[in-house]
A.B. asks: 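Next up is a structure, given as structure tokens.
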Amino acid sequence: MDPSELLLTSARAVAVYALILIVIRLLGKRTVGNFTAFDLLIALMLGELVDEMIYGDVRFLQGTVAIVTLAALAAADSWVSYASRGMQRVLEGTPTVIVRDGTFDRDGMRAERMNERDVMGMLRLSGIQDIREVHLAIVETDGKVSVLKHDWAAPADKADVDETYKRRRDKALDGREKPPPGKQTDSPHALGED
């Protein structure tokens, strides 16, 4: 087999990867469900490659080159996402706030192409009966919606009613009621708003 043909196969795999990544990112996080866009993309492409290899539409060596190329892209994606916050935003997206302090966040809903019924359904799945209880509802990069309740709406925990657990909590929190920025899940940094 001609080495230039193998390079062309590898180049095609990179081009298909880029095209499908753009399409999936444009469709939004809800399209990918529990996968990141990259995970779904790799699963789709590997499935197609294996299909083509099994049915003989692509020679085994060509399929192997494409699979190795995709594996290299997966490794590069993981490394680049870890090393660069900016590239992580490009490759995986950022969380999107859809409810803020008991009110629909219309900009976030528009970005995720969600209407009020969609949001209310997601809140019900999280056990929320009253939207006013919600401090933040966020569409995560994998398409799931996470919900943070207002302090007053959160259920009591053992440390609220038992002195032994209160001492353990105070020791673990080092006397700080509010978490430091690196530990706070609703900080602008954690939400990609900085």
Side-chain angles (χ1 to χ4, degrees), residues 13-47 69-128 130-154 173 176-194:
V14 171
V16 170
Y17 163 82
L19 173 66
I20 294 176
L21 179 63
I22 290 168
V23 169
I24 289 173
R25 293 286 291 126
L26 288 174
L27 290 174
K29 291 185 278 286
R30 289 180 57 202
T31 304
V32 296
N34 295 333
F35 294 108
T36 63
F38 182 78
D39 295 335
L40 178 63
L41 174 61
I42 291 295
L44 289 171
M45 289 183 73
L46 287 175
T69 301
L70 288 176
L73 286 171
D77 177 81
S78 297
W79 187 84
V80 169
S81 291
Y82 173 76
S84 168
R85 186 169 170 86
M87 283 306 295
Q88 179 184 22
R89 287 179 179 170
V90 169
L91 295 171
E92 297 178 12
T94 56
T96 305
V97 176
I98 55 173
V99 174
R100 190 181 305 269
D101 294 323
T103 305
F104 293 111
D105 186 311
R106 301 290 177 185
D107 292 337
M109 291 169 58
R110 190 175 308 106
E112 295 300 327
R113 289 178 297 289
M114 296 177 79
N115 60 38
E116 289 181 9
R117 270 190 306 181
D118 294 333
V119 174
M120 294 301 250
M122 297 289 192
L123 294 177
R124 282 191 302 275
L125 288 172
S126 296
I128 302 295
D130 186 336
I131 192 171
R132 295 173 295 181
E133 296 176 11
V134 178
H135 169 57
L136 290 173
I138 304 157
V139 180
E140 301 294 348
T141 58
D142 65 358
K144 292 181 182 177
V145 174
S146 58
V147 177
L148 300 174
K149 291 183 176 185
H150 283 288
D151 292 341
W152 56 264
L173 297 179
R176 296 181 188 171
E177 277 295 315
K178 187 171 180 153
K183 306 261 185 205
Q184 189 173 341
T185 62
D186 63 344
S187 70
H189 179 74
L191 294 173
E193 296 175 344
D194 58 350

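Just so it is clear, the structure is predicted and the values come from calculations on it, not from any experiment.
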A.B. asks: Out of Val145, Ile138, Val139, which one pairs with Pro95 under the side-chain contact (heavy atoms from CB on, under 4.5 Å) rule?
C.D. replies: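 Testing each of Val145, Ile138, Val139 against Pro95, the sole residue satisfying side-chain contact (heavy atoms from CB on, under 4.5 Å) is Ile138.
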A.B. asks: Say you draw a straight line from CD1 of Ile98 to CZ of Arg110; how long is it, rounded to the nearest 0.5 Å?
C.D. replies: 14.0 Å
A.B. asks: With rounding to the nearest 0.5 Å, note down the distance linking CH2 in Trp152 to CZ in Arg132.
C.D. replies: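 Going from the CH2 atom of Trp152 to the CZ atom of Arg132 covers 7.0 Å.
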A.B. asks: Taking all atoms of both residues into account, what is the closest heavy-atom pair of Thr141 and Gly93, and its distance?
C.D. replies: CG2-O, 3.5 Å
A.B. asks: With sequence neighbours excluded, tell me which residues meet side chain to side chain donor-acceptor pair (under 3.5 Å) with Asp151.
C.D. replies: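 Checked Asp151 against side chain to side chain donor-acceptor pair (under 3.5 Å); zero matches.
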A.B. asks: If you define the side chain from C-beta out and look only at heavy atoms, does anything of Ile128 sit under 4.5 Å from Met122?
C.D. replies: no
A.B. asks: Of all residues at least two apart in sequence or in a different chain, which pass the side-chain contact (heavy atoms from CB on, under 4.5 Å) check with Arg124?
C.D. replies: Met120
A.B. asks: State, yes or no, whether a side-chain contact exists between Met109 and Glu116 at a heavy-atom distance under 4.5 Å.
C.D. replies: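 Side-chain contact under 4.5 Å: yes.
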A.B. asks: Of the options Leu148, Val119, Val99, which is the one that meets Val134 in a side-chain contact (heavy atoms from CB on, under 4.5 Å)?
C.D. replies: Val99
A.B. asks: Who passes side-chain contact (heavy atoms from CB on, under 4.5 Å) against Ser84, sequence neighbours left out?
C.D. replies: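 Only Met87 meet the side-chain contact (heavy atoms from CB on, under 4.5 Å) criterion with Ser84.
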A.B. asks: Can you sort out the partners of Glu133 under side chain to side chain donor-acceptor pair (under 3.5 Å), two or more places apart, ordered by chain and number?
C.D. replies: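 In terms of side chain to side chain donor-acceptor pair (under 3.5 Å), with neighbours along the sequence ignored, Glu133 is linked to no residue.
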A.B. asks: Mind checking what makes side chain to side chain donor-acceptor pair (under 3.5 Å) contact with Thr185, not counting sequence neighbours?
C.D. replies: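 Listed in chain order: nothing, the list is empty.
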A.B. asks: With sequence neighbours excluded, tell me which residues meet side-chain contact (heavy atoms from CB on, under 4.5 Å) with Arg100.
C.D. replies: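 side-chain contact (heavy atoms from CB on, under 4.5 Å) check on Arg100 returns Val97, Asp105, Leu136, Glu193.
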